[in-house]
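Working notes, structure below.
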Amino acid sequence: MITGELKSKIDKLWEEFWTGGITNPLTVIEQITFLIFIRLTDINESREEKKARRLGLKYIGRYNDDQQHLRWSSFRNLKGSEMLPLIRDEVFKHFKQTINGEHPFLKDAQMMIQKESLLVSAIEKIDELPLTEGDTKGDLYEYLLSKLTTAGINGQFRTPRHIIKLMVEIIAPKPNERIGDPACGTAGFLMQTREYIREKYTSEEGKIKHDDGGITFSEDLLEKHRKHIQKDFLHGFDFDVSMLRIASMNLMLHGISDPNIYYQDTLSSIFKEHYPEQAEDYFDAILANPPFKGSLDFEDVSDDLIGKVKTRKTELLFIALMLRMLKLGGRCATIVPDGVLFGASKSHTALRQLLVDDNQLEAIIKLPSGVFKPYAGVSTAIVIFTKGGQTSKVWFYDVENDGLSLDDKRSPIDKNDLPDCLEKWNKRETEKFEDKTQKAFFVDKKDIIENKYDLSINRYKEIIHKEEEYEKPEIILGKIKLVEKEISTGIEELEGMLK
């Protein structure tokens, strides 16, 4: 739980960058990311040095005797005139040379801070952050990410955390599985999956409750899965280098020491060449919000994806891609624009037919159009499916409110359908959901086929029109005459007062 005091520190740090001339939100987060990573490395180095001394062992760390001046603890108190050239010319170079293999997100990392005063102020404020507290540092970074307020040029925009949380809870990942995101952005889905596992696999005895109401989850039920969670549990792909850097740091701050975040356009034909395992029949579950539009090199798109759905539309190609990446029986929850559900083109219809006829389409969860404001006002839905199997009926849910206002301000409100959506999803095996006038209902496969595989909720939801009853015309005329008489009487009284 992030406190008001810590939020205030992040806000002041953000303001320092803004007034210092760095106003691009991604650049600000990227620069803060580098500095946080440099400090964390020094913290870990000191911890390992102390451990080695206690055990009487020789420790060979990231810094030799001639490089001690490159450590955070050594340069943090320098004057700006000394600190700026040291970090720019030596510290960044050292990190790229020594740990680029471990953490590829540092490739081509550059310090964009040019003002000595800004660098000194940023170092001071980051030095005050409680980065040694496991839960707090993740919350701090999540709050930092919440400041992203503009969409990327390729159609990226940050998925609200409560929508991600709903999707993760619907998929219900297990700690022995492999979870992927083919367009991971800042790794919001992967991070939330990690948090879901952390909470789900902590016993009541293992929950540490704090005075401020926060809870630390010890993960005491995860012991036999720890190696897998660190090495092979989460995998993310993106071809935006800034996103890769932020995603890697996000996972590191949430307890994944060596994140599997890869630089790759997953729609490309070379995806299979670079990552032959992950590209096909590999994942137990996929959670994603892939870009809906943007630049696409059609000639570079993998042939087997084009074979499934011949189109330039990324939202259709990504679903075909996710089907390929999943194991047989693998689950997927992905966000799509509404057009995917009812588009009349051959490619739209072919994709929906592929989901309904050759796989198990589980659910369509309609989201209100303001969910992604202020980034975009596009109408969207969550599509839930399992690779293979058969579709007999599809569960629909109409989310009208998500707990926030649907304008650009996105202020908290009382109305929130998400808890009800999750509760009803968990009851879909035992309840019939036959009433199509309600928020949740089933639609049989034959009805979907008859409607040319249209998956829009409005195609099937029944709206009850209440018949309005009006008084007879002669009664209404009588009332009008009575009103006119009262007005006439009032006018006569006024005229009498003026005589």
Side-chain angles (χ1 to χ4, degrees), residues 142 145-146 156-175 177-200 233-237 247 250-251 254 283-292 315 318-319 321-323 325-326 330-338 340-341 355 359-372 375-376 378-387 394-404 416-428 439-440 455 457:
E142 186 66 19
L145 292 181
S146 73
Q156 314 118 320
F157 43 82
R158 186 172 176 271
T159 312
R161 190 170 182 177
H162 58 290
I163 300 297
I164 293 176
K165 191 171 186 290
L166 171 68
M167 293 168 67
V168 171
E169 288 175 335
I170 284 173
I171 291 299
K174 300 177 181 62
E177 294 183 322
R178 292 190 184 104
I179 314 300
D181 184 344
C184 67
T186 61
F189 285 98
L190 301 179
M191 182 280 296
Q192 189 60 47
T193 297
R194 181 69 184 92
E195 291 303 294
Y196 173 86
I197 290 292
R198 188 193 307 278
E199 295 181 21
K200 188 80 172 177
F233 180 45
L234 303 173
H235 297 255
F237 303 85
N250 197 8
L251 289 178
H254 283 86
F283 291 101
D284 297 283
I286 288 177
L287 291 138
N289 180 12
F292 299 161
E315 59 265 33
F318 266 108
I319 294 180
L321 169 70
M322 289 184 270
L323 280 168
M325 293 172 68
L326 285 168
R331 299 104 60 212
C332 179
T334 184
I335 294 174
V336 301
D338 269 2
V340 171
L341 306 179
L355 288 174
N359 299 278
Q360 186 176 356
L361 179 59
E362 308 256 16
I364 303 292
I365 300 172
K366 177 73 176 71
L367 298 175
S369 59
V371 161
F372 290 103
Y375 316 114
V378 61
S379 294
T380 58
I382 302 169
V383 177
I384 315 291
F385 60 86
T386 298
K387 182 175 180 177
V394 179
W395 189 77
F396 285 78
Y397 191 95
D398 188 9
V399 176
E400 295 179 319
N401 292 284
D402 68 336
L404 300 172
N416 186 0
D417 295 325
L418 300 187
D420 181 67
C421 177
L422 182 62
E423 181 183 349
K424 285 184 168 56
W425 162 264
N426 291 327
K427 293 178 178 178
R428 73 194 186 285
K439 285 185 174 294
L455 296 173
I457 194 168

pair [X]-[Y]: side-chain heavy atoms closer than 4.5 Å:
{"X": "Asn401", "Y": "Asn416", "value": "no"}
{"X": "Ile179", "Y": "Phe189", "value": "no"}
{"X": "Arg331", "Y": "Ile170", "value": "no"}
{"X": "Ile286", "Y": "Ile171", "value": "no"}

Basic-acidic side-chain contact under 4.0 Å: Asp420, Lys439: no

Pair Glu195 + Arg161, salt bridge at N-O below 4.0 Å: no

Minimum-distance pair of heavy atoms, taken over all atoms of Tyr397 and Lys424: CE1-CD, 4.0 Å

Shortest non-hydrogen contact between Leu321 and Pro182, atoms and distance: CD2-CB, 3.9 Å

Check whether [X] reaches the backbone of [Y] with its side chain - one donor and one acceptor, N or O, closer than 3.5 Å.
{"X": "Lys366", "Y": "Ala381", "answer": "no"}
{"X": "Asp284", "Y": "Arg178", "answer": "yes"}
{"X": "Asn359", "Y": "Leu361", "answer": "no"}

Verdict with supporting geometry, Ile384 and Trp395, side-chain contact (heavy atoms from CB on, under 4.5 Å): CA-CA 9 Å; Ile384 315 291; Trp395 189 77; over 6 Å; no

Reported CG-to-CG distance for the pair Asp417 and Asp402, which is rounded to 0.5 angstrom: 8.5 Å

Which residues share a side-chain contact (heavy atoms from CB on, under 4.5 Å) with Ala183, sequence neighbours left out: Asp181, Pro290, Pro291, Phe318

Evaluation steps, side-chain contact (heavy atoms from CB on, under 4.5 Å), between Ile319 and Val340: CA-CA 10 Å; Ile319 294 180; Val340 171; 4.2 Å; yes

